[in-house]
There are 2 protein chains.
Amino acid sequence: MAQSHTSRDVARLAGVSQSTVSYVMTGRRPISEETRLRVEAAIEQLTYERHAGARALASQRSRVVGLFVPFGDGNDTVGKLPFIENIAASARAHDHELLLVTADEGPSGLRRLAGRSLCDAMIIMDIELEDERVAVAAELPVPVILIGVPSDPRGLHCVDLDFAQAAQIAIDELSATGHDRIALLGHPADITRRRLNYVSRFIDAACEHADLLGIRLEVIAPVELGRAAAAAAVDEAMAFGAGGRLGLLVPESGNVQAVLRALNSRGSLPGRDVSVVAVCTDAMAQDAEPPVTNVSMERRDVSQRAMETLFWLLEPDQRKPPPGIALVPARLTRRQTVMPPP
Amino acid sequence: MAQSHTSRDVARLAGVSQSTVSYVMTGRRPISEETRLRVEAAIEQLTYERHAGARALASQRSRVVGLFVPFGDGNDTVGKLPFIENIAASARAHDHELLLVTADEGPSGLRRLAGRSLCDAMIIMDIELEDERVAVAAELPVPVILIGVPSDPRGLHCVDLDFAQAAQIAIDELSATGHDRIALLGHPADITRRRLNYVSRFIDAACEHADLLGIRLEVIAPVELGRAAAAAAVDEAMAFGAGGRLGLLVPESGNVQAVLRALNSRGSLPGRDVSVVAVCTDAMAQDAEPPVTNVSMERRDVSQRAMETLFWLLEPDQRKPPPGIALVPARLTRRQTVMPPP
DNA sequence: TTGTAAGCGTTATCAC
DNA sequence: GTGATAACGCTTACAA
């Protein structure tokens with residue numbers, strides 16, 4: 001059990017002053033090659049590491065990122081892990097630690113982390129349209145990145161998937177392949193209720209863009225999760241209009257499988273008799289039966305962008321373009337569920 | 001943006017010395033009712049919170065728990081969230097923060113957290129039989145709790161599910177309901193390869209206990225995940241012996257659904273023609289079709305136990321029994337997949 | 001019951 | 001280029 005050493009121990013061993021040790025570590029002052037090597041050797045020998053608390057106290061920076069994770073609520077519990085993992089890796093790459101706070105603490109969690117100077121910046125996942133944390137976050141003395149776009153961002157930095165653009169490229173694809181009608185199989189009611197923001201961003205853009213391209217678009221919503229609801233929605237979609245080339249647009253990744261299954265059981269083979277474009281991760285699209293043409297919504301892209309802007313705020317010496325509300329674009333991957341042009 | 005106040009500000013406002021403020025907060029010294037109220041009022045008024053770094057520096061305790069999470073690897077990505085959530089809640093209940101470290105950092109992560117005095121205790125999830133982190137952990141100046149039992153625990157505190165006991169009660173149930181042969185549908189090969197510990201604990205105990213009760217037990221292993229493998233294993237199980245009452249024991253929760261489905265498609269109704277006892281969470285058992293009699297393996301129970309011992313180590317004033325290697329018992333819940341006694 | 005003051009281990013401002 | 005030394009904001013003897 002290596003008794004923890006201090007920078008004084010290192011200084012003594014290297015035969016220099018304690019402050020020199022500090023300067024070697026921070027690099028805030030030119031050090032002669034020779035003494036630097038001696039100090040580094042001493043550090044190595046003692047396996048010395050700086051005391052985080054002392055460092056934070058003296059430097060006014062904790063080198064910690066606070067992450068507010070929405071546990072508990074049922075939705076998409078699996079997609080969150082890669083997100084967190086990505087955040088952690090990015091923090092680590094900048095020699096920062098990651099402090100995890102569960103969202104059920106609400107605004108008080110934000111105040112605690114800031115008040116105790118526990119972190120230099122925060123990321124709040126799953127921001128809802130009307131989120132009581134946003135107003136609190138805006139008053140904090142540390143930068144905050146929101147994942148999701150609230151109705152009033154208060155000048156905070158937001159990162160989210162670009163749902164409007166996602167809708168557009170999905171419809172572009174269906175248009176380019178000669179479809180003349182599109183059925184949008186919407187989201188479950190409780191999601192729509194909770195944070196209509198991304199839902200409405202998608203649906204509004206879809207309607208607008210379909211209109212622009214002169215394609216008929218019907219929105220079928222809400223569509224609950226589960227086989228029965230999906231089947232009913234599929235029936236409704238297929239009844240919509242007669243003949244022609246029909247494309248189904250499925251923005252809720254949890255419904256993709258059920259929709260495909262419902263089509264199959266009705267004798268409509270996706271990619272031959274009808275088209276399906278899903279909004280989901282590439283992994284999910286690939287695993288679907290059959291592999292479904294999708295507009296990718298990768299949380300990793302979002303976390304990446306979030307951490308970029310975070311460290312852009314934390315290390316202002318850089319020259320990269322300043323961020324604002326960052327919408328991560330989706331991209332379309334063609335698989336087997338869109339009919340080729342006639 | 002509330003400019004952060006210090007305890008001196010509080011002291012000034014309350015008209016007391018700075019140390020008195022500290023004593024009010026720590027409670028390490030009797031304070032007169034009157035001044036205590038004045039101080040508390042001042043704290044409230046300034047929304048004062050102690051600087052975590054300064055506190056850690058002076059008190060030699062960071063009030064942070066380090067958690068090493070095994071991301072990345074594919075297995076059971078969904079079960080980890082409740083675990084982490086539970087840890088976080090428990091930490092919070094003791095006014096501690098949670099620092100997240102991804103396991104891919106390996107032993108260096110342990111050394112960093114300890115060397116920088118970033119946390120007062122650590123929890124390492126998913127310990128494998130031969131885990132290079134264990135030896136390092138044993139040398140650290142902070143207590144470490146292992147989730148899982150390595151081949152050489154080095155005196156560290158371990159918490160895990162009691163797989164041996166789980167096997168026993170499962171077999172007890174099948175025995176009590178008049179089964180005369182049991183097929184154990186084992187784990188996928190790569191799991192067995194990586195950390196045979198829990199696998200072998202289960203299988204060994206099962207064999208031993210079946211032997212003791214005089215029931216024929218056949219182990220079918222490995223059984224990969226997925227429908228095909230499960231179906232093959234089911235066929236093999238049903239071929240095992242002729243007639244009589246057969247019970248299937250499924251210790252890999254990922255295979256439960258597939259096994260039930262395979263039985264159904266062979267015209268064997270679980271609970272009527274054949275019995276199934278699964279090892280999985282209650283939620284999963286309840287959601288199965290049909291609801292499956294299960295031996296519960298709740299990660300929450302493990303995290304709970306881990307945090308209990310952790311804070312028992314951190315706050316030694318208590319009188320609770322000292323922990324060692326803690327094996328959390330499973331319990332059986334009867335549902336619809338075990339045939340009633342003849 | 002309360003106040004004074006000495007650390008805790010850094011960073012950063014002076015001097016030299 | 002390097003060494004003293006004063007913060008940083010708290011906890012905790014030691015006095016009173």
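Side chains included, hydrogens not; waters and symmetry mates left out as well; all remaining heavy atoms used. Chain identifiers are assigned alphabetically (A, B, ...) following the order of the sequence lines, protein sequences preceding nucleic acid strands; residue numbering begins at 1 within each chain.
Atom P of nucleotide dA7(D) and atom CD of Q18(A) are separated by 16 Å, given to the nearest angstrom. Between Q60(A) atom CD and dA6(D) atom P the separation is 19 Å, expressed in whole Å. Rounded to whole Å, atom C1' of dC8(D) lies 17 Å from atom NE2 of H5(B). One atom, CZ of R38(A), and another, C1' of dG1(D), lie 12 Å apart when rounded to the nearest Å. Nucleotide dT10(C) holds its P atom 15 Å from the CZ atom of R63(A), rounded to whole Å. Distance NE2 (H51(A)) to P (dT11(D)): 13 Å, rounded to an integer number of Å. Taking atom CE on M25(A) and atom P on dA12(C), their separation rounds to 14 Å, with Å as the unit. For the pair L57(B) CG and dA6(C) C1', the interatomic distance rounds to 13 Å; values are reported in whole Å.
Of all nucleotides listed (dC10(D), dG1(D), dC14(C)), dC10(D) comes nearest to the side chain of R50(B). For A58(A), whose side chain is taken as the heavy atoms from C-beta onward, the closest listed nucleotide among dC10(D), dG3(D), dC8(D) is dC8(D). In this structure, the nucleotide among dT2(C), dG3(D), dT11(D) sitting nearest to the side chain of S19(A) is dG3(D).
When heavy atoms are screened at a 4.0 angstrom cut-off, S32(B) is found touching the sugar-phosphate backbone but no base atom. Residue-level contact check: S59(B) touches the backbone only, with heavy atoms under 4.0 Å from sugar-phosphate atoms and none from bases. Within 4.0 Å of S117(B), counting heavy atoms only, lies no atom of the nucleic acid at all. Note on R8(A): nothing from the nucleic acid sits closer than 4.0 angstrom, heavy atoms only.
One cannot find a donor-acceptor pair under 3.5 Å joining the base of dT11(D) and the side-chain atoms of R55(B).
Side-chain contact of S32(B) with T35(B): a donor-acceptor pair under 3.5 Å is present, judged by distance alone. For the residue pair E130(A) / S151(A), a side-chain donor-acceptor distance below 3.5 Å is found, with atom types taken as modelled. Between S22(B) and S19(B), the side chains place no donor N or O within less than 3.5 Å of an acceptor N or O (distance only, hydrogens not considered).
A ring-centre distance under 6.0 Å is not found for H5(B) and Y48(B).
Side-chain nitrogen and oxygen atoms of Y23(A) include none within less than 4.0 Å of the OP1 or OP2 phosphate oxygen of dT13(C). Contact between the side-chain N/O atoms of S22(A) and the OP1/OP2 oxygens of dG9(C) is not found at any separation under 4.0 Å. Contact annotation: T20(A) reaches the phosphate of dG3(D) (side-chain N/O to OP1 or OP2, under 4.0 Å). Side-chain N/O atoms of R28(A) include one lying less than 4.0 angstrom from OP1 or OP2 on dA12(C).
Between I31(B) and S7(A), the residue anchored nearer the 5' end of DNA chain C, judged by the nucleotide with its closest heavy atom, is I31(B).
For the pair D162(B) (side chain) and V328(B) (backbone), a donor-acceptor distance under 3.5 Å is absent.
Residues L156(B) and A137(B) share a closest heavy-atom pair of CD1-CB, 3.9 Å.
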